[in-house]
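Just so it is clear, the structure is predicted and the values come from calculations on it, not from any experiment.
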Amino acid sequence: MLSPWLALAFFAGVVPGVVLIRLFLRQAGPVFACYQEVQAALAARLSGALTGLRSIHAADAEQREAARVLAPLPELSAAGRALWAAQRRTAWQATLLIALVEVAVLTTAGFLLAGGALAPGALAAAAGWAALGAGLFEQLEALVGVAHARTGQARVDELLALAPAPCGTQALPGAGSGEVELRGVVVRDGDRVLLGPLDLTVPGGRTLALVGRSGSGKSLLAALPGRLRDADEGTVLIDGVPVGVLAPSELRQAVGYAFARPELVGRTVRDALAGAGPAEAAAARTDGLLRRLPHGWDTPLDELRLSGGELQRLGLARLLARRTRVVVLDDATSGLDLATEYQVSQALDQATHGRTRLVVAHRAAVAARADLVAWLDAGRLRALAPHAVLLADPDYRATLADSALQAAAR
């Protein structure tokens with residue numbers, strides 16, 4: 001507005017300023033991505049260590065585990081130093097550029113003033129406007145925030161780009177018995193086979209115990225009927241219908257789960273138990289616990305202070321509230337003492353009589369109550385037979401002993 005020559009002098013410095021900003025964002029983006037990835041790895045290691053804290057103490061492995069958790073720190077430090085170096089380099093370049101822009105504008109204004117093309121007041125205005133405009137390049141902290149946000153957006157976009165598991169629309173036959181069948185099932189993690197190839201049929205209304213050492217694929221197999229994990233090859237069927245073609249609501253009504261560490265969802269205990277009543281609470285031996293709570297069933301979840309066994313019993317009560325065809329118990333009674341586990345198991349047998357059950361078993365007594373035992377070894381089905389038959393095999397007895405010790409350590 002004051003003079004086209006002044007504008008030209010100013011914008012001659014803006015162009016390299018924009019290039020400087022783009023270079024900083026290009027350099028800082030990968031550094032921020034590396035920083036966030038290492039932070040995520042560090043948090044994952046720490047979370048896993050906290051989950052297995054009792055086992056770490058029992059094995060006297062605190063120092064070794066601390067070293068494992070903190071192993072990514074040098075990489076995190078390197079990423080942080082690289083970011084500071086980029087900021088420092090951009091800071092002095094921006095400072096130099098601002099000085100050059102102001103000098104160029106003031107020099108041009110001086111020549112215009114000497115030639116009578118610019119008033120003295122306009123010279124002062126030009127100096128003020130040049131300083132104000134060039135100050136944009138001093139906002140390095142804002143540029144760091146932009147780089148951080150862009151990197152975060154890129155990581156979120158990676159998740160959003162993942163295709164959701166396809167869902168069907170079919171329903172199960174009305175008179176099905178809950179038969180579960182696995183045909184040529186293979187589950188992989190990259191190139192590594194975690195489970196399978198596996199062919200297995202659980203007749204409707206029968207109980208199958210899944211036995212094996214840690215990492216043998218018990219929980220992975222248990223996750224397949226409810227599509228908590230999809231097979232990479234093969235087909236999982238319930239009453240002759242592939243689970244992949246079932247509507248999500250139909251699958252949730254057909255398969256129910258109870259876990260070693262169930263999550264309680266909702267505002268109160270009543271919300272978390274999702275339709276369970278006194279009968280289900282009594283079957284899970286959690287009615288006494290609910291009576292002792294300050295507000296009973298309406299106790300807010302954030303006021304609960306529960307042991308692992310109490311939490312498991314609430315999860316079992318929630319499971320019993322649903323009349324599913326298939327019941328999956330994934331280490332769902334591991335936190336109970338032997339007497340309570342026996343009582344809960346007896347009540348579960350009565351409450352789920354006639355339904356198909358898959359039970360991840362660590363104790364011989366649990367396997368003995370099942371109709372069949374699927375003995376898994378390194379992701380393969382080593383044997384399928386009643387517990388009494390498998391008991392003659394010393395390797396099977398050793399597997400049960402090791403599994404019980406591992407469960408006790410957890």
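A donor-acceptor pair under 3.5 Å is absent between the side-chain atoms of S77 and the main chain of L73, judged by distance alone. At least one donor-acceptor pair closer than 3.5 Å links the side chain of D232 to the backbone N or O of R188. Of the possible donor and acceptor atoms, none in the side chain of K218 sits under 3.5 Å from a partner among the backbone N and O of V211. In terms of modelled atom types and a separation under 3.5 Å, the side chain of D239 and the main chain of E179 share a donor-acceptor contact. Panel note: side chain R313, backbone R285; a donor-acceptor pair is recorded below 3.5 Å. For D330 (side chain) and V359 (main-chain N/O), no donor-acceptor pair under 3.5 Å exists by modelled atom type. Looking only at distances, a side-chain donor or acceptor of E280 sits under 3.5 Å from a matching main-chain atom of G277. Using a distance-only test at 3.5 Å, with no hydrogens or angles considered, a donor-acceptor pair links the side chain of T356 to the main chain of G205. Listed for the Y257 side chain is a donor-acceptor partner under 3.5 Å among the backbone atoms of A223. Distance alone, capped at 3.5 Å, places no donor-acceptor pair between the R382 side chain and the L376 backbone.
Shown here for E75 and C34, the closest heavy-atom pair between the two residues is OE2-SG, 4.0 Å. Between W375 and Y396 the shortest heavy-atom distance is CH2-N, 3.4 Å. Between A361 and A209, the shortest heavy-atom distance links the atoms CB-CB, 4.2 Å. Considering all non-hydrogen atoms of both residues, V326 and G178 come closest at CG2-O, 3.7 Å. Smallest separation of non-hydrogen atoms from A281 and L290: CB-CD1, 3.8 Å. Nearest heavy-atom pair, L400 versus H387, reported as atom, atom and distance to 0.1 Å: CD1-CE1, 3.7 Å.
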Would V269 and L301 count as a side-chain contact (heavy atoms from CB on, under 4.5 Å) if you check the C-alpha gap in whole Å, the side-chain angles of each, and the deciding distance to 0.1 Å?
CA-CA 6 Å; V269 173; L301 292 180; 4.2 Å; yes

Applying side-chain contact (heavy atoms from CB on, under 4.5 Å) to E158 and L160, what does each step give before you reach the verdict?
CA-CA 6 Å; E158 292 176 7; L160 296 178; over 6 Å; no

Start with the C-alpha distance between V245 and V241, add both sets of side-chain angles, then the distance that settles side-chain contact (heavy atoms from CB on, under 4.5 Å), and finish with yes or no.
CA-CA 8 Å; V245 303; V241 181; 3.7 Å; yes

What verdict does the side-chain contact (heavy atoms from CB on, under 4.5 Å) test give for R369 and T207, after you've listed the backbone C-alpha separation in whole Å, the side-chain angles of each residue and the deciding distance to 0.1 Å?
CA-CA 8 Å; R369 289 195 296 269; T207 299; over 6 Å; no

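With rounding to the nearest 0.5 angstrom, the CG atom of D287 is 9.5 Å from the CZ atom of R292. Taking CZ from F259 and OG from S219, the interatomic distance works out to 9.0 Å, rounded to the nearest 0.5 Å. Here the CG-CD distance, from L246 to Q253, works out to 11.0 Å after rounding to the nearest 0.5 Å. Rounding to the nearest 0.5 Å gives a distance of 10.5 Å between OG1 of T299 and CZ of R267. Once rounded to the nearest 0.5 Å, the distance linking OG1 of T352 with CG of L329 reads 7.5 Å. Between the CG atom in L293 and the CG atom in L289 there is a gap of 5.0 Å [rounded to 0.5 Å].
Across V202, L208, L348, a single residue satisfies side chain to side chain contact (heavy atoms under 4.5 Å, CB included) together with R357, and that is L348.
H295 is listed as a side-chain neighbour of P300, based on a closest heavy-atom distance under 4.5 Å. Two residues are said to be in side-chain contact when any heavy atoms from C-beta on lie closer than 4.5 Å; T151 and Q36 meet this criterion. Looking only at side-chain heavy atoms (C-beta outward), V31 and L83 come within less than 4.5 Å of each other. Residues L172 and I238 meet the side-chain proximity criterion, which asks for heavy atoms closer than 4.5 Å. Using a 4.5 Å heavy-atom threshold, the side chains of L390 and D393 count as separate. In this structure, V187 and R229 have side chains that are in contact, with non-hydrogen atoms separated by less than 4.5 Å. Counting heavy atoms from C-beta on, the side chains of L224 and L182 come closer than 4.5 Å. No side-chain heavy atom of P262 sits less than 4.5 Å from a side-chain heavy atom of L314.
Using a 4.0 Å cut-off between charged side-chain N and carboxylate O, R183 and E181 make a salt bridge. A salt bridge between R68 and E65 is present, with a side-chain N of the basic residue lying under 4.0 Å from a carboxylate O of the acidic one. A salt bridge is absent between R380 and D377; no separation between the charged side-chain nitrogens and carboxylate oxygens falls under 4.0 Å. A salt bridge links R270 with D298: at least one charged nitrogen is closer than 4.0 Å to a carboxylate oxygen.
For the ring pair (Phe, Tyr, Trp, His ring centres under 6.0 Å) test, no residue two or more places apart in sequence or in another chain qualifies with Y35.
Counted within 6.0 Å of CZ on R155, heavy atoms from surrounding residues, nucleotides or ligands total more than 12; the atom is thus considered enclosed. Taking a 6.0 Å sphere around CZ of R81, one finds it holds 12 or fewer heavy atoms contributed by other residues, nucleotides or ligands.
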